[in-house]
Structure formats: C-alpha cells, structure tokens
Amino acid sequence: MSHFSGILQLTDLDDFITPSQECIKPVKIDKSKSSGTGSKIKIQSDGSYVQLDEGGAIQPLQRVDISLTDCLACSGCITSAETVLITQQSQDEMMRIFNEKRKLIDSGQIAEAQFIVVSISMQPALSLAETFCIPPESALKKLTGYFKRLGADLVVDMNVADDFVLLEAQEEFIERYRMKADGSKSALPMLASSCPGWVCYAEKTHGSYILPYISTTKSPQQVMGSLVKNYLPQYLKDSNRPIYHVTVMPCYDKKLEASREDFFDSTTNTRDVDCVITAIELEQLILSERKNLAEEEEGELDWPFPGEKSTLHLTSSLGSGSGGYAHHIFLHAAKELFPDQQASLEFKALRNQDFQEVTLEKDGKVVLRFGIANGFRNIQNLVQKLKRNKCSYDYVEIMACPSGCLNGGAQIRPKDGTSPKEMISKLEALYRQLPLKAKPECNDAVNTLYDTLLGGRNSDKKKALLHTKYHALEKNSNALNIKW
Amino acid sequence: MLALLLNKTKTFVGMNEVMVHGDLIDNVNRALQRPSNFLNQEMDELDEESISKRKQDLKDQVYDCIRTIKDPEKPSTLEDLEVVYEDGIQVKSLGGANSPSVIHVEFNPTVPHCSLATLIGLCMRIKLQRTLLQAIKVDITIKKGAHDTEDEINKQVNDKERVAAAMENPNLREMVENCIRECDD
Amino acid sequence: MKVLYVCPVEMAASGRLDLVDSLTGHRGRVWNVSWNPTGTVFASCGEDKTVRLWTKSSGQRTWMNKTVLTDGHQRTIREVAWSPCGNYLASASFDATTAIWDRKSGEFECNATLEGHENEVKSVCWAKSGNLLATCSRDKSVWVWETSEDDEYECAAVINAHSQDVKKVIWHPHDDILASSSYDNTIKLFREDISDNDWINCGTLASHESTVWGIAFDKTGTRLASCSDDKTVKIWQQYLPGNPEGVVTQSNEPTWKCVCTLSGYHSRVVYDIAWCHQTDLIATACGDDAIRVFKETPSSHKNQPEFELICTVHRAHTQDVNSVAWNPKEAGLLASAGDDSRVNLWQFKEETIIF
C-alpha cells in the first residue's frame with residue numbers, strides 16, 4: 001500500500017511497485033570486460049547472479065540500488081516500496097543514527113559523533129497531542145524530551161523558517177505582480193510551492209505549462225534545512241562537525257522533497273534535511289517502547305538563533321493550517337499595492353470546502369483574487385484552467401491533501417470509531433486555539449539572519465539559501481521502458 | 001532478503017536503445033485487406049487424417065511467423081534464444097460453422113523475471129495478427145513456472161484493448177515493427 | 001454497396017435475431033455503438049478515430065451514415081455516449097482525452113475537451129440528471145465531471161479505488177450512482193458524499209475471476225449484469241439495509257450480491273453486455289464472434305433468479321464482437337460492432353419452436 005498522497009497515485013506517479021519488477025530506471029552497464037552478446041546469465045543457488053562469458057569465466061553481476069532521488073529524476077513511477085524508503089528516510093535509519101551516536105559517546109569518541117538536530121513542525125505535534133490526549137504545547141515539549149533522550153543535541157520548532165517563507169513569498173508575489181503589469185505572461189498566478197506532492201506532480205506531468213508559476217520560495221522544511229546546515233556551524237563555531245538533521249512532518253511526500261537533488265550539497269556530500277520522520281512513524285516508535293507520550297518528561301526547546309528566545313512554540317495564523325500563505329500574502333499585497341482599500345479576509349467556499357477564494361475590489365472591479373485549492377480534483381481544475389488561459393487568480397495556495405496539511409498523509413489515523421472527518425475537525429479546532437503568531441516582519445531572529453547569514457535581502461546567498469528551482473521531466477520514450 | 005528484492009533485471013540485460021526506423025504498416029488498412037468470408041464449413045466433414053494435416057499446416061504457419069521475431073534487445077531471434085519452439089504451439093480448434101479457429105502459443109522467457117516478456121508477447125501477437133490470413137483467435141501464454149509474474153503478463157498480452165493501445169504509442173510501435181520485420185537474408 | 005451475408009442462427013432456443021442491416025464505413029476495428037435517447041440515431045466509433053452517426057430516413061428500411069465526426073482525437077476512439085437530452089455526444093479516446101460534441105450550430109462539433117487522465121480513456125457515460133459525466137482510464141482512476149450551464153466542465157472527483165485499468169463506467173438508470181468495472185476483476189459503486197461533495201466508494205462487487213469488461217443495470221437499477229474475461233456473465237441483486245431477506249449490509253449502504261452466474265455459454269472473453277429496459281432481455285458480445293440473448297425464466301425467484309439462453313448468433317461478426325446496444329424505444333432492435341469493421345443491426349423475434 002502506498003504512503004504517498006493521492007496526487008501521486010495516478011499511473012506512472014505511484015504504482016505500488018517493487019523495484020525488481022517494474023522499475024524502468026536505465027542502468028549503465030560497463031561492457032568493457034565481456035564481449036556483450038556472447039555471455040549468459042546464470043542464477044546461482046544462493047540467488048546471486050553471475051555472467052558466463054564465451055570462455056566460460058564467471059563474473060558476478062552487481063546489484064543496482066534505487067533511491068528516492070532516482071525516482072524523482074525519472075519520469076516513471078515513484079516507488080513506495082519499503083525497500084527503497086527504508087534505505088534513507090525511515091524511522092529505522094533515524095534510530096540507527098541515534099544508536100551509532102550513543103555507541104561513539106559510550107566509547108568516548110564524542111568528537112566523532114554527529115551533531116543531531118531535530119526540527120518539529122506544527123501539524124504532527126497537533127496530531128500526536130490529539131492521539132495521546134495531551135495539550136499541544138505540552139505534547140511538543142514531551143516530544144522534545146523524547147528526542148533529547150534518544151540523543152538529539154538540538155530540538156527546535158519551525159517558526160523561524162515559517163517566517164522566512166512568509167516574508168520571501170510576499171516579496172516574490174509583489175515582484176511577480178509588477179512583472180505581470182510590465183507584460184510578463186508567466187508571472188501570475190503565483191502558485192504555492194510548499195507542498196512537495198503538488199510540486200512533484202507538476203514536474204512529472206505538466207512541466208513547462210505550470211512550473212513557471214510555482215513560487216521559487218523554498219518550503220519551510222527546506223529553509224530549515226538551509227539554516228541548520230549553513231547557520232548552525234557558525235553558531236557551533238565548528239565547521240567540521242557533521243550535522244544530522246531530522247525533520248518531523250505531517251506527510252510522506254516531504255521525504256521526497258528532502259531527497260531532491262536541489263537540496264543535496266555535493267561538496268559536503270550531505271542533504272539539507274537528512275531524514276524526514278512523520279507523525280505515524282513517531283507514534284509507532286513511541287508505542288514500540290511500550291510508552292505513552294504522556295509519560296515522557298517534558299524537554300525544553302532550544303534556541304540557537306540570534307536574539308531573544310521565543311516563548312511561543314506552537315502558533316496559529318488567521319489562515320489555513322497549511323501555513324496560511326494565501327491569507328498572509330493577500331493582506332500584505334492589499335496593503336502594499338492598494339493601500340486605500342479595506343481588505344477583508346472573507347474566504348468563500350466555491351465548488352466545495354477545499355476550494356476557496358477571496359477578492360479585493362477597487363471601484364467595483366476585482367483587483368486581487370486569491371484562492372486555496374486542496375486535494376487533487378481542485379488542483380486538476382486549476383491546472384486545466386491555467387492551460388486554457390482561463391485562470392483568473394493572482395495567487396493560489398495549493399496542497400495535495402484534502403483539507404490541507406493538518407490532514408497530511410502521515411498524520412495519525414483516528415482510532416476507536418472516530419471518522420477521518422471528525423479527526424480533521426478536531427485538529428482544526430486545536431489549531432485555532434493556538435496563540436496567534438506575531439507578524440513575521442517583527443521576528444528579530446529573522447531580521448538579524450537576513451543581515452548576517454544571508455548578507456542582505458537582495459544577495460545571491462539569500463537566493464541560494466531561500467529559493468529553489470523546478471525541473472520538467474521529459475516523458476520516457478525508450479520503448480523498453482514504457483508500461484502499456 | 002530486502003537486498004535481494006532490489007536485484008534488478010536491468011543489471012544483466014543492459015540498455016540498447018532501439019533506434020531503427022521501420023516501415024509503418026497502416027493499421028487501419030489491415031482489417032480491410034483481410035478476406036471477410038473465411039468460413040470453413042466443410043471442416044466439419046473432414047476425416048481425421050486431413051484434420052491432423054491441416055492442424056500441422058497451421059502450426060507450421062504460426063511457427064514460421066514467430067520464430068524470426070527478434071529479441072527487443074539482442075540481434076538474436078526468438079528461435080535462437082529458445083523463447084519459442086514448435087511444441088509450444090497448439091491448434092485448439094480449426095473452426096467451423098459455429099466456432100472460430102483458436103491457436104495457443106506458449107513461450108519461455110530467458111530469465112524468470114525478464115522485463116521484456118510483455119514486449120515479446122506483444123510482438124508475437126501483432127505479427128500473428130498481421131500474418132495469418134484467416135481471422136484466427138490467438139492465446140499467448142508464458143510457459144508455466146517460467147516467469148515470476150506469469151499471470152500478470154498473460155493477462156496483459158491477451159487483453160486486446162491493451163495491445164491495441166500499445167500499438168498506438170509511437171515508441172512502442174517502432175520497437176515492435178523493428179522486431180517483427182522480416183529480414184531479406 | 002452493402003453486403004448482406006447469411007448468418008447461421010441456432011434455432012433451438014425460443015427466440016431469434018434476424019440481421020436487418022450490415023453497415024460498412026469504418027476502417028478497422030469498431031469498438032462501440034450507442035443509441036441516442038430517442039432511438040432514432042446511433043453513433044459508432046473505433047480504430048479509425050472517427051465517430052459515425054447513422055440514421056434511417058423516413059420510409060426507408062436501411063440505415064445510412066449521415067455524419068462522420070473527425071479531428072476530435074489523435075488515437076482510437078473507444079466509446080461514445082449520448083447525453084440524456086440527445087444534444088451532446090461524448091467520445092472517450094486512447095489519446096487520454098474525452099471530447100464533448102454539441103450541435104448548437106446545427107451539426108455536431110467538438111466544443112470541449114476533457115483532459116486530466118494520464119493515458120487511455122476507456123469509457124464515458126452521462127448521468128441521467130444530465131449534468132454529471134464519468135470517465136475511466138488505464139490510469140486506474142474514475143473521474144466525475146460536472147457541467148455548468150455555460151458548458152464548462154469541471155472535475156468533481158478523482159476516485160482512486162481500483163487497483164488496475166478501469167474498463168467501463170455506467171450510471172444508475174435513475175440515481176446519481178456510478179458503477180465501474182476493472183482489470184482488477186471487481187466492480188465498484190460510487191456515490192457523492194453530501195457532507196463534502198466528494199465521491200466515495202460505497203460498494204465492491206468481487207466474484208469474477210478476471211477482467212470485468214462490461215456492466216449494465218436493468219431498468220429498475222436494483223440489478224446489475226456483468227461480463228468478463230472469465231467467460232461468465234453474472235447477475236447482481238441489490239439489498240437495502242434492513243432487507244427482509246436478512247442479507248447483511250454495512251455502514252448503512254446497500255449490499256450487492258451475485259445471485260446468478262451464467263457459465264458454459266461463452267467460449268471466449270465476453271466484451272460487452274446490454275440489458276434492454278423495454279424487454280428485459282440481456283444481450284452479450286463475445287470474443288467467439290457470437291451474440292447471445294438471455295432471458296429470465298418466468299418462474300425465476302428474485303434471490304435465486306434463473307436465466308436461459310434463448311438465442312445464439314454464431315458468426316454474428318466475422319471477428320470478435322465488441323459492443324451490443326438495444327434500441328431504447330424500438331423493442332428488440334439491437335446494434336452490434338465488431339473487429340470486422342462492421343456495425344450490424346438485428347431484430348429480435350420471440351418464437352415458440354416446435355421440434
């Protein structure tokens with residue numbers, strides 16, 4: 001059974017395959033050693049494969065490994081095979097790293113141990129809070145305690161990254177709006193980029209039609225990745241210490257995002273996010289210790305950033321539980337572009353609850369039209385409108401999951417007869433009860449990091465650390481690889 | 001065990017890209033060229049000897065058709081590779097007034113997880129469809145136990161809708177045309 | 001020129017199909033035939049990427065090809081469906097699109113193309129209400145489309161319930177209930193969940209042992225007939241929650257139970273099935289080139305119905321028969337399409353045979 005979001009479950013995107021059966025990733029074979037056609041393949045009694053050349057010499061054949069990165073670079077399916085997931089992005093892998101670290105420490109080799117950082121996002125914290133019946137802030141602290149007990153050096157919330165994303169996205173929108181006014185055709189609508197399922201779908205099936213519209217601003221996870229790998233060495237005053245970065249996320253698709261080539265540093269051979277762990281997996285880990293999260297000691301979240309430590313860890317916005325992008329950018333754009341107009345945040349549901357829009361009018365004319373599209377059917381209608389040049393939106397917050405990220409694919413499933421819908425409304429209610437976050441412009445840590453780490457708001461370094469690119473994938477045309 | 005699962009067919013067969021351009025036969029014309037009245041009613045009155053001769057003739061015709069099909073990745077023919085063999089062909093029914101002719105073709109892929117088995121099946125079906133003068137029903141199956149996913153492959157190769165759609169994919173079609181083209185030598 | 005050839009008809013059963021017309025025009029395989037709601041026109045489509053409309057001029061007994069719709073699709077047209085009002089046609093193609101044709105200008109013209117499926121669209125069907133359309137594809141998904149007054153088509157649902165290629169979608173004769181059949185051997189039923197306007201799988205009918213190629217509701221919508229690659233036809237009966245028979249239902253959804261399996265009649269895959277809403281006769285299109293007609297026996301019981309084969313036309317086509325469709329108004333008039341590039345018309349006549 002696949003774990004990825006519904007959007008990736010159409011043919012060629014996720015085929016529930018095992019790699020040995022249907023994977024079409026082309027493999028380069030080094031043929032210099034044998035003469036090509038004259039050799040035969042034999043299967044040994046132990047299941048290994050060998051090649052017999054014409055002279056009868058036996059040569060063992062190598063196994064090919066497939067990673068999620070390969071899947072992303074291929075126009076074929078995305079495998080959900082455990083064999084692939086298990087290699088990098090799994091609870092087993094995370095526990096292996098923690099155990100390795102403990103062994104090194106036990107044997108006194110502290111300097112060689114990796115520095116482990118865990119970043120926890122809001123949605124899985126709410127999911128765990130609901131599942132174990134603990135207040136959200138306490139659930140987050142107990143989760144912090146859990147990771148510290150495992151051996152994490154730093155546990156942080158995602159607020160700094162969230163604020164960076166909101167600021168970058170609102171700037172990007174104003175810029176695109178002005179480009180549009182100057183005649184650029186692909187400037188608007190700007191489409192949100194923080195949902196990796198949506199981005200992956202767009203890259204694999206709609207390529208150049210859609211990609212120019214997707215915001216170049218990285219998702220909070222990847223901004224966090226940039227900060228951890230680029231800022232923390234400064235903070236630790238040790239640029240050689242290897243950092244292992246775990247993020248806690250509401251969906252499996254985030255594992256794909258972390259595996260993107262764009263977020264891999266070939267010079268250091270590391271990823272910005274090394275391992276993505278989800279609410280479901282955390283629940284399993286906690287239960288496998290025969291423990292209830294409620295019994296865990298609360299831990300203190302860390303504050304490696306400049307300025308005064310924030311006391312609010314879990315916060316809500318007026319907008320959606322998926323990051324509140326549409327609301328935030330709408331208010332900012334209204335204030336910036338139409339300062340005389342009174343913008344009200346009344347989102348109306350259109351076809352269904354998962355498709356909402358808000359408009360700003362000036363002199364009876366709509367001057368800004370923002371939308372929220374959750375779930376595949378709404379994405380589909382939007383994409384088709386865009387292709388036919390009939391899309392009237394300026395910005396759309398797009399999430400692959402119905403109801404958005406609170407209902408992420410890896411949020412813990414309801415038990416004891418609660419329906420999935422009731423579960424979503426419970427999480428939605430928990431979210432609305434969280435304290436409202438301050439304006440991102442007022443985040444001192446963010447402002448300081450812009451000046452210090454990023455070298456200003458227009459620097460190349462800022463672009464490199466906070467923005468990314470998308471790549472259309474060519475449809476596979478090799479007949480041997482076509483599924484029919 | 002997990003590592004074993006990752007063992008891929010690709011490793012050994014390599015990737016030779018098929019780039020030869022074949023003459024495309026107009027698929028639509030084919031159906032018109034076929035004689036529409038093929039009823040062989042006197043079949044019911046034939047003696048056993050004639051029936052077995054007719055069966056043998058049909059078998060030979062079918063075998064001649066498929067043995068020269070080339071492997072999608074190698075220059076060898078299916079006969080060279082022992083993927084097809086005369087004993088693999090059975091005439092199930094010669095047809096009559098109330099029943100169509102049916103032949104059954106069995107093939108044996110080279111390795112039990114050969115990723116090309118469906119393509120080989122596709123080539124056989126298309127070539128038989130075009131070559132046989134009579135509208136003979138063809139069932140194609142993998143030799144029992146010769147492939148890890150034989151049921152899936154059998155189902156796909158015998159689904160005429162999947163086969164028809166596959167032949168409208170230009171890349172697949174080019175590959176099939178190339179594999180089933182008769183060489184002059 | 002039309003060639004009428006003699007088809008040997010088995011007379012042992014209590015009915016016969018007389019060949020009325022054998023129509024040529026399509027080049028290559030004809031996949032589907034479909035009557036308009038008033039039964040005055042039928043559409044056929046196939047490998048030659050055209051939709052052909054056939055009508056009978058008043059006073060004439062032969063059907064003429066009046067219109068050929070071309071340029072709608074790049075690949076084979078697999079199925080064609082009429083809207084309940086008869087003013088729209090939808091065609092499903094291997095080119096991954098569904099074309100909507102309307103005759104606002106007097107002639108049928110393609111005025112909308114539904115895109116979104118990843119590959120071959122296999123089937124398309126209009127709901128009785130007229131503003132819902134369903135499509136299905138090899139991409140395993142079933143899509144529900146909603147039409148608005150200005151002829152815009154929006155996707156109302158993408159349903160990933162099947163694990164394989166979906167071969168056929170049909171709507172319930174009265175309600176907005178959708179049925180689909182698949183290469184995964186199952187039939188699934190869907191309805192809209194009013195609470196969030198999404199479509200949910202409200203029933204899975206599993207009993208066939210291979211691909212289910214065709215499905216058809218009877219006129220009441222309480223029975224469904226299915227035909228399969230396993231060479232059988234099955235009849236399914238709906239049981240509502242709290243039914244007097246005591247058939248178990250779950251989550252307040254009806255249960256569909258297989259109450260009859262017709263095996264041993266077809267010698268190859270059964271590609272299509274049509275349940276006549278006037279005569280209650282069931283016709284099948286088979287890969288053994290035959291068309292068969294089944295009738296429920298008069299003494300048949302609701303929970304254990306019996307159907308008998310009352311007519312077989314061997315060699316109804318010279319190759320596989322792909323589609324059968326009963327005329328919705330003229331009782332017993334049946335259209336069929338085959339790999340032999342022909343569309344044949346048949347008139348069913350009930351008769352009492354004395355041996």
How close do B:Ala164 and C:Arg29 get, counting heavy atoms only, and between which atoms? CB-NH1, 3.4 Å
Do other residues, nucleotides or ligands put more than 12 heavy atoms under 6.0 Å from the CD atom of B:Glu82? no
Looking at every heavy atom in both B:Ser99 and C:Arg315, which two are closest together, and how far apart are they? O-NH2, 3.0 Å
Atom CD of C:Glu209: over 12 foreign heavy atoms under 6.0 Å: no
Between B:Glu168 and C:Phe94 (side chain of the first, backbone of the second, donor and acceptor by atom type, cut-off under 3.5 Å), is there such a pair? no
Closest approach of C:Arg268 to B:Asp139 (non-hydrogen atoms, all atoms of both residues): NH2-OD1, 2.8 Å
If the threshold is 4.0 Å, N to carboxylate O, is there a salt bridge linking B:Lys137 and C:Asp288? no
C:Arg138 bridged to B:Asp159 by N-O distance under 4.0 Å: no
Checking C:Asp320 against chain B: side chain, backbone, both or neither under 4.5 Å from a heavy atom? both
Determine whether C:His314 and B:Pro100 make a side-chain contact, defined as any pair of heavy atoms from C-beta on separated by less than 4.5 Å. no
Name the region of C:Thr211, side chain, backbone, both or neither, that has any atom closer than 4.5 Å to a heavy atom of chain B. both
Can you find a heavy atom in the side chain of C:Trp31 that is under 4.5 Å from one in the side chain of B:Glu161? yes
Looking only at C:Gln74, C:Glu120, C:Lys167, most heavy-atom pairs under 4.5 Å shared with chain B are made by C:Lys167
Given a strict heavy-atom distance threshold of 4.5 Å, which part of C:Tyr183 is in contact with chain B: side chain, backbone, both, or neither? both
With a 4.5 Å heavy-atom cut-off, do B:Lys155 and C:Asp165 have their side chains touching? no
Chain C contact via B:Glu152 - side chain, backbone, both or neither, heavy atoms under 4.5 Å: backbone
Do NZ/NE/NH1/NH2 and the carboxylate oxygens of B:Lys160 and C:Asp339 come within less than 4.0 Å? yes
